[in-house]
Each structure stands twice: as C-alpha cells, then as structure tokens.
Colleague: 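If you scroll down you'll find the structure; I have some questions about it.
None of these values were measured; they are calculated from a predicted model.
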Amino acid sequence: MRDVLFLPFADGMELAVAADGSAAVGDKPGDVVSAPADVVAYFAARVALMELVSVGAEAKAVVLQNFIADDRWEALCRGIRRACRELGIDPPITGSTESNFPAVQSALGVTAIGLVSAGRKRIGVTPDAAKFAVIGRPLVGSAVLAHSQWVAPLSLFVELLASPYIYELIPVGSKGIYYEWTQLLTANGRQGRACACPLPLFSSGGPATSVLVSYDPDGEREIKKQAGSLFFPLHVEW
C-alpha cells in the first residue's frame with residue numbers, strides 16, 4: 001500500500017518499510033547522469049524517507065546498499081544525513097558495500113524503517129469534499145539538478161505534514177501524477193473519471209521532486225502561501 005510495507009509489530013504498532021534505488025546516476029564514466037555521490041544518496045534517501053513519514057511513521061533506521069565503491073561510503077552517508085536533517089530526524093544508518101567486484105556504473109539502494117500506530121496511519125483519510133494539488137514539478141535525471149527551483153524542498157514537505165488543512169501527502173514517483181492520484185482515490189474508496197493539471201500527468205516524478213496532496217478547501221489560501229510558485233491545482237472530474 002502506497003509503496004510502503006506494513007508489518008504487525010507489538011502493542012498496536014506496525015513496522016513501516018519504504019525503499020528507493022538509483023542506478024546509472026553518479027560519478028563513474030559509465031553513468032548516464034553525472035552527479036556527486038552525496039547528491040545521489042540524498043535524493044534516494046529523500047524518496048524512501050518521504051514515503052515513510054507521509055504515512056505517519058517515525059523513522060527508526062536507514063539501510064544503505066552501496067554498489068558503487070567502498071570509498072564512496074562516507075559521501076553516501078553524508079547525503080542521507082542531509083535528507084534526515086532537513087526532515088528533522090536523526091535515525092541511525094547501517095548497510096553494506098559491494099567491495100569484491102568493481103562496477104562500471106553507480107548504483108545504490110536506500111531502505112527506511114519506521115514505526116506507526118496501526119490505527120493512526122495517514123492513509124484513506126481524505127473526505128469527499130477535499131481538493132487536490134501538486135506541490136513542486138515532476139523532474140527526472142539531469143533536470144533535477146538543472147531546475148532545483150522546481151523541486152519541493154523537504155522543509156516545505158515538513159510544513160505540509162504539520163498543516164491542519166492537509167489530509168494526505170503522496171510523493172510522486174516514476175509512474176507520474178495520474179498514477180499517484182488514482183492510488184490516493186482507491187485508498188479512499190473513490191473513483192474519479194478524469195483530472196487536469198498544469199503539469200504533465202504521466203511524466204516521471206523522478207526522486208519525488210513533487211508531492212500530491214489532498215486538502216481542506218478552507219485552507220487553500222494558507223497552502224498556496226506556503227507553497228508559493230510550487231502550487232499546482234489538480235482539478236477532478238467525478
């Protein structure tokens with residue numbers, strides 16, 4: 001559900017697990033997109049952690065799978081810690097490095113593990129009267145670095161999480177805005193006929209550079225003020 005795995009834990013709590021991977025992006029000659037190792041790890045961690053905290057979970061640990069090289073470990077951890085810092089969390093980091101064989105392209109995986117109360121998961125809580133919007137633009141590859149002004153900052157994401165007007169937040173992944181919108185509706189037992197947005201509905205959202213939100217119409221002015229030029233309305237036809 002929602003790219004997050006939930007497992008029964010204890011005392012009404014559940015383990016929540018979210019993950020993201022990156023390949024062919026980095027500082028190796030064979031990479032398709034050139035970027036420093038810490039930046040690659042930052043965006044991979046951003047996706048996993050956003051998925052985790054958006055459903056109401058508290059991050060308890062981050063697991064890094066490093067397929068680049070042993071000497072990139074510290075840089076990768078630095079990128080992960082940056083994402084954690086911007087989210088206001090500080091989970092421990094563990095993981096493993098492929099040090100037996102060299103790779104011609106960069107690759108890594110980041111898994112975020114957390115805890116959430118089974119009865120307080122932030123899923124399926126959008127009422128019928130809610131409105132929808134996308135915060136940030138969906139970007140992928142080199143466009144993420146070239147147009148950083150259109151990437152929804154994690155500081156804004158934290159503000160939206162705390163807003164009394166926001167019902168649900170869904171990081172937009174590689175399947176695009178329309179897919180995330182249909183998933184949000186399904187989780188709420190609803191079905192829309194169509195939606196329209198100034199942004200491309202089917203383009204990859206890359207490393208969650210944008211977020212789909214459902215919100216209370218009474219708070220639209222406040223949400224627009226928070227998001228500024230990153231606010232894009234999603235008009236729904238029922």
Colleague: Please identify each residue that fulfils salt bridge (charged side-chain N to carboxylate O under 4.0 Å, His left out) with Arg193, with sequence neighbours left out.
Modeller: Glu237
Colleague: Any Lys/Arg nitrogen of Arg72 or Asp38 sitting under 4.0 Å from an Asp/Glu carboxylate oxygen of the other?
Modeller: no
Colleague: Short question: side chain of Gln105, backbone of Gly30 - any donor-acceptor pair under 3.5 Å?
Modeller: yes
Colleague: Taking ring-ring contact (aromatic ring centres under 6.0 Å, His included) as the test, write out the residues that go with Phe202, two or more places apart.
Modeller: Tyr178
Colleague: Taking side chain to side chain donor-acceptor pair (under 3.5 Å) as the cut-off, I'd like each qualifying pair that reaches into residues 210-221, sequence neighbours left out, listed once.
Modeller: Thr126-Ser214, Lys131-Glu220, Tyr215-Glu220
Colleague: Counting C-beta onward and ignoring hydrogens, is there a side-chain heavy-atom pair between Leu115 and Glu14 closer than 4.5 Å?
Modeller: no
Colleague: Would Asp3 and Gln183 count as having a side-chain donor-acceptor pair, cut-off 3.5 Å?
Modeller: no
Colleague: Looking only at atom types and distance, does a side-chain atom of Arg122 sit under 3.5 Å from a main-chain N or O of Leu161, one as donor and one as acceptor?
Modeller: yes
Colleague: Output, in order, the C-alpha distance, side-chain angles, deciding distance and verdict of side-chain contact (heavy atoms from CB on, under 4.5 Å) for Phe6 and Val116.
Modeller: CA-CA 9 Å; Phe6 295 99; Val116 61; 3.9 Å; yes
Colleague: Is it true that a side-chain atom of Glu168 and a backbone atom of Val125 form a donor plus acceptor pair closer than 3.5 Å?
Modeller: yes
Colleague: If hydrophobic clusters are built from ILVMFWY residues whose side chains come within less than 4.5 Å, do Leu156 and Leu234 share one?
Modeller: yes
Colleague: Any non-hydrogen side-chain atom of Ser106 less than 4.5 Å from a side-chain atom of Phe67?
Modeller: no
Colleague: Please lay out, stage by stage, how Leu169 and Leu212 fare under the test side-chain contact (heavy atoms from CB on, under 4.5 Å).
Modeller: CA-CA 6 Å; Leu169 305 90; Leu212 171 67; over 6 Å; no
Colleague: Any side-chain heavy atom of Thr111 sitting closer than 4.5 Å to one from Val62?
Modeller: no
Colleague: Is there side-chain contact between Tyr42 and Ile80, with at least one heavy-atom pair below 4.5 Å?
Modeller: no
Colleague: I'd like to know whether CG of Asn100 has more than 12 heavy-atom contacts from other residues, nucleotides or ligands below 6.0 angstrom.
Modeller: yes
Colleague: Look at the side-chain heavy atoms of Ile, Leu, Val, Met, Phe, Trp and Tyr, link any pair under 4.5 Å apart, and say whether Val172 and Leu199 land in one connected group.
Modeller: yes
Colleague: Below 4.5 Å, heavy atoms only, C-beta onward: do Gln65 and Ser96 meet side chain to side chain?
Modeller: yes
Colleague: Taking NZ, NE, NH1 and NH2 as the nitrogens, is one of them in Glu58 or Lys60 under 4.0 Å from a carboxylate oxygen of the other?
Modeller: yes
Colleague: Can you find a pair of side-chain heavy atoms, one from Glu180 and one from Ile170, that are under 4.5 Å apart?
Modeller: yes
Colleague: Could you go through Val213 and Phe132, starting from their C-alpha distance and side-chain angles, then the distance that decides it, and tell me whether this counts as side-chain contact (heavy atoms from CB on, under 4.5 Å)?
Modeller: CA-CA 6 Å; Val213 300; Phe132 305 88; over 6 Å; no
Colleague: Honestly curious: do Leu87 and Val40 fall in one hydrophobic cluster under the side-chain, below-4.5 Å linking rule?
Modeller: yes
Colleague: Backbone N or O of Asn66 within a donor-acceptor pair of the Glu98 side chain at under 3.5 Å?
Modeller: no
Colleague: The criterion is salt bridge (charged side-chain N to carboxylate O under 4.0 Å, His left out); which residues satisfy it with Lys28, sequence neighbours excluded?
Modeller: none
Colleague: Are Ser99 and Asp70 close enough that a side-chain donor and a side-chain acceptor fall under 3.5 Å?
Modeller: no
Colleague: Determine, using the 4.5 Å side-chain heavy-atom cutoff (strictly less than), whether Leu5 and Met13 are members of one ILVMFWY cluster.
Modeller: yes
Colleague: Measuring from atom OH of Tyr167 to atom CG of Leu184, what distance do you get when rounded to the nearest 0.5 angstrom?
Modeller: 12.5 Å
Colleague: Tell me whether Arg190 is salt-bridged to Asp128, with the criterion being a basic N under 4.0 Å from an acidic carboxylate O.
Modeller: yes
Colleague: At what distance, to the nearest 0.5 angstrom, does CD1 of Ile68 lie from CG of Leu108?
Modeller: 5.0 Å
Colleague: Got more than 12 heavy atoms from elsewhere within 6.0 Å of CD, Gln149?
Modeller: yes
Colleague: As a quick check of understanding, evaluate side-chain contact (heavy atoms from CB on, under 4.5 Å) for Val25 and Asp31, giving each step before the final call.
Modeller: CA-CA 5 Å; Val25 180; Asp31 288 330; 5.9 Å; no
Colleague: State, with a plain yes or no, whether a side-chain heavy atom of Trp181 is found less than 4.5 Å away from one of Val236.
Modeller: yes
Colleague: Between Tyr165 and Leu160, is there a side-chain heavy-atom distance shorter than 4.5 Å?
Modeller: no
Colleague: Is it true that Arg78 and Glu74 have a side-chain N and a carboxylate O under 4.0 angstrom from each other?
Modeller: no
Colleague: If you round to the nearest 0.5 Å, how far is OG1 of Thr97 from CG of Asp71?
Modeller: 9.5 Å
Colleague: Checking the side chain of Thr182 only, and the main-chain atoms of Tyr179 only, is there a donor and an acceptor separated by less than 3.5 Å?
Modeller: yes
Colleague: Residues in salt bridge (charged side-chain N to carboxylate O under 4.0 Å, His left out) with Arg81, at least two apart?
Modeller: none
Colleague: Show me the donor-acceptor pairs within less than 3.5 Å that the side chains of residues 45-56 make with the rest of the protein, sequence neighbours left out.
Modeller:
unit_1: Arg46; atom_1: NE; unit_2: Pro207; atom_2: O; d: 3.3
unit_1: Arg46; atom_1: NE; unit_2: Ala208; atom_2: O; d: 3.2
unit_1: Arg46; atom_1: NH1; unit_2: Ala152; atom_2: O; d: 3.2
unit_1: Arg46; atom_1: NH2; unit_2: Ala152; atom_2: O; d: 2.5
unit_1: Arg46; atom_1: NH2; unit_2: Ala208; atom_2: O; d: 3.0
unit_1: Ser54; atom_1: OG; unit_2: Arg2; atom_2: NH2; d: 3.0
unit_1: Ser54; atom_1: OG; unit_2: Met50; atom_2: O; d: 3.1
unit_1: Ser54; atom_1: OG; unit_2: Glu51; atom_2: O; d: 2.9

Colleague: Tell me whether Trp150 is reachable from Ile223 by hopping between hydrophobic residues (I, L, V, M, F, W, Y) whose side-chain heavy atoms are closer than 4.5 Å.
Modeller: yes
